[in-house]
Amino acid sequence: MSIACTLLTPGQREDIALDTVSDHLGAGRGLVWLELRDADAPALAHLQRELGLHELAVEDALSAHQRSKVEDYPGGLFIALRTARWWEGSVLHGETHIFSGPGYLAVIRHDPGPGYGRVQERLIAQSRPLTPGLALYALLDHIVDDLRPLATRLEERQAELEGRLFADGFEGATLQALFETKREILSLLATVQPIPEICGDLIRLHADFIGKELRAYLRDVEDHALRLIHALDRLREMIADAMQLALASASMQQSDSVQKLAGWGAIIALPTLVFSLYGMNFEAMPELRWPWAYPLVLATTFAGCVWLYRRLKLRGWI
């Protein structure tokens, strides 16, 4: 577990102790930013005492696997978000829980990622007063921006797998890679889909928290999230089409193999039928006394096989 407490003012960042958070909030000198990773019950209890958080919100923040939501509690907001980012060569999924109230923004992270230091740098670069609404906008915008490179990587992988599918034909490994890509798309969709609704709720229902000047910025975050959702939906449909094409290709290959086996089976059936008749040991067979009988039967059988082969070849069965 790690805890970082920072007092942010335009152009300045100052580390403070968790025990002094309430004092700094009373002084009102800037925005108090608290960031906790994998916080345990005692740490959240301490945070609850310092910020006056509601017990139900603290209970939700203690564990991950919460649905994305905005809850309005006395004295502040509680927001739960799913997150995803590219970290150390792989996709890192996690959750971020946010407490926001007068003069503070507390972030509870359930992931081993790098944290939100870039958001703090963005805030202290502002020339206007730092408010919880501004900090919340910067955090939401950063979370959505982290999702864009993942969508780009998925688009590149989809194009690569589709090209491999057309170039090399159906392969089990290609179909498995397509399925895994589709699963990652669905996971990313589940992460980004609640964000437009959360932004809309903040704009419509929490005007006292999100000032008029911030609504346009939150609508911009909402628009970016919607465009990302549309891009992922389109990519999901393309993956589904590619998977159907792979399955159809496999079915066609199987049908072609069955046709070839059936064609060769028909050719083999002709001499099999003829020679099986000669193996029945009839006593009275007129051609048995004719010296050219067997050569003629063999020649006729061979000619029939050739004719049948040519007919099947023209029809594409062999």
Side-chain angles (χ1 to χ4, degrees), residues 6-13 25 28-35 51-54 57 60-61 66-85 95-109 116-149 151 188-233:
T6 310
L7 179 66
L8 303 179
T9 55
Q12 187 175 0
R13 176 168 55 189
L25 290 177
R29 293 194 302 112
L31 175 70
V32 176
W33 179 288
L34 302 101
E35 189 166 330
L51 301 178
L53 303 177
H54 196 279
D60 286 344
Q66 297 289 330
R67 67 176 182 88
S68 298
K69 60 182 178 179
V70 179
E71 297 287 352
D72 189 3
Y73 290 102
L77 298 177
F78 173 72
I79 303 173
L81 291 170
R82 295 180 63 180
T83 60
R85 68 181 75 186
E95 284 189 31
T96 292
H97 300 160
I98 306 167
F99 294 100
S100 187
Y104 72 86
L105 190 81
V107 179
I108 315 298
R109 295 192 298 112
Y116 296 112
R118 286 164 51 192
V119 180
Q120 296 183 43
E121 294 173 0
R122 179 177 176 181
L123 288 172
I124 63 178
Q126 300 283 331
S127 57
R128 52 183 165 175
L130 302 183
T131 64
L134 179 62
L136 182 57
Y137 151 71
L139 182 58
L140 289 173
D141 189 50
H142 178 79
I143 290 174
V144 174
D145 286 343
D146 276 345
L147 299 176
R148 293 183 186 178
L188 198 59
L189 271 172
T191 299
V192 70
Q193 278 178 335
I195 293 179
E197 183 179 355
I198 288 175
C199 292
D201 287 346
L202 290 172
I203 294 172
R204 293 189 305 271
L205 305 178
H206 303 285
D208 54 338
F209 187 79
I210 302 297
K212 186 176 181 180
E213 71 282 357
L214 286 177
R215 296 175 190 172
Y217 291 96
L218 274 181
R219 281 193 292 267
D220 183 64
V221 175
E222 181 182 10
D223 180 65
H224 289 171
L226 286 173
R227 282 190 289 176
L228 189 57
I229 291 171
H230 294 159
L232 290 172
D233 277 333

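Every value quoted in this text rests on a predicted model; they were computed, and no experiment measured them. Quick note: residue numbers are just sequence positions, from 1.
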Q) Can you name the closest pair of heavy atoms from L31 and L105 and give their distance? A) CD1-N, 4.2 Å
Q | Heavy-atom side-chain contact between I124 and T9 under 4.5 Å | A | no
Q.
Is any side-chain heavy atom of D72 closer than 4.5 Å to one of L205?
A. no
Q. So, for G103 and L25, which heavy atoms are closest and what is the spacing to 0.1 Å?
A. O-CD2, 3.3 Å
**Q.** Whether over 12 other heavy atoms sit under 6.0 Å from Y73 OH
**A.** yes
Q | R227 versus H230, side-chain donor and acceptor atoms under 3.5 Å | A | no
Q) Can you check side-chain hydrogen bond (donor to acceptor under 3.5 Å, both in side chains) on R122 and H142, steps first, answer last? A) CA-CA 10 Å; R122 179 177 176 181; H142 178 79; over 6 Å; no
Q. Does a sphere of radius 6.0 Å around CD in E197 hold more than 12 heavy atoms from other residues, nucleotides or ligands, not counting ones at 6.0 Å or beyond?
A. no
Q | H54 and F78: CA distance, side-chain angles, deciding distance, ring-ring contact (aromatic ring centres under 6.0 Å, His included) verdict | A | CA-CA 9 Å; H54 196 279; F78 173 72; over 10 Å; no
Q | R204 NZ/CZ over F209 ring centroid, <6.0 Å and within 45° of normal | A | no
Q) Checking side-chain contact (heavy atoms from CB on, under 4.5 Å) for the pair F99/Y104: CA distance, chi angles, key distance, verdict? A) CA-CA 8 Å; F99 294 100; Y104 72 86; 4.2 Å; yes
Q | Pairwise distance CG(L81) to NZ(K69) - rounded to 0.5 angstrom | A | 11.5 Å
Q | Shortest non-hydrogen separation from H97 to A80 and the atoms involved | A | CD2-CB, 3.7 Å
Q | Contact check, side chains of E222 and P196, non-hydrogen atoms, under 4.5 Å | A | yes
(Q) For L123 versus L8, what's the shortest heavy-atom pair and its separation? (A) CD1-CD1, 4.0 Å
**Q.** Y137 side, atom OH; D220 side, atom CG - distance, nearest 0.5 Å
**A.** 6.0 Å
Q: Compare all side-chain heavy atoms of I203 with those of L214 and state whether any distance is below 4.5 angstrom.
A: no
Q. Say you draw a straight line from CG of L136 to CD1 of I79; how long is it, rounded to the nearest 0.5 Å?
A. 4.5 Å
Q) Do D141 and D145 come within less than 4.5 Å of each other through their side chains, counting heavy atoms only? A) yes
Q) Step by step, would you call I229 with Q193 a side-chain contact (heavy atoms from CB on, under 4.5 Å)? A) CA-CA 7 Å; I229 291 171; Q193 278 178 335; 4.1 Å; yes
Q | Rounded distance (nearest 0.5 Å) linking atom CG of L34 with atom CG of L51 | A | 6.0 Å
Q | side-chain contact (heavy atoms from CB on, under 4.5 Å) assessment of L232 paired with L228 | A | CA-CA 6 Å; L232 290 172; L228 189 57; 4.3 Å; yes
Q | I98 side chain near L139 side chain, heavy-atom distance below 4.5 Å | A | yes
Q | For A61 against I108, the heavy-atom pair lying closest together | A | O-CG2, 4.0 Å
Q. About how many Å separate CD of E71 and CG of L77, when rounded to the nearest 0.5 Å?
A. 10.0 Å
Q: Report yes if the side chains of T6 and V32 come closer than 4.5 Å at any heavy-atom pair, otherwise no.
A: no
Q: Say whether, by atom type as modelled, one donor and one acceptor occur between the side chain of E95 and the main chain of Q66 under 3.5 angstrom.
A: yes
Q. Is there a side-chain contact between L134 and Q126 (heavy atoms, below 4.5 Å)?
A. yes
Q. Is it the case that more than 12 heavy atoms not belonging to R148 sit under 6.0 Å from its CZ atom?
A. yes
Q: Compute both the distance and the angle, then confirm whether R128 meets the cation-pi test with Y217: under 6.0 Å from the six-membered ring centre, within 45 degrees of the axis.
A: yes
Q | Spacing of CG belonging to D146 relative to CZ belonging to R85, to within rounding of 0.5 Å | A | 5.0 Å
Q: With L218 as reference, evaluate L140, D223, I198 under the side-chain contact (heavy atoms from CB on, under 4.5 Å) test and give the passing residue.
A: L140
Q: Check G101 against P132 and note the closest heavy-atom contact, atom names and distance.
A: O-CG, 3.0 Å
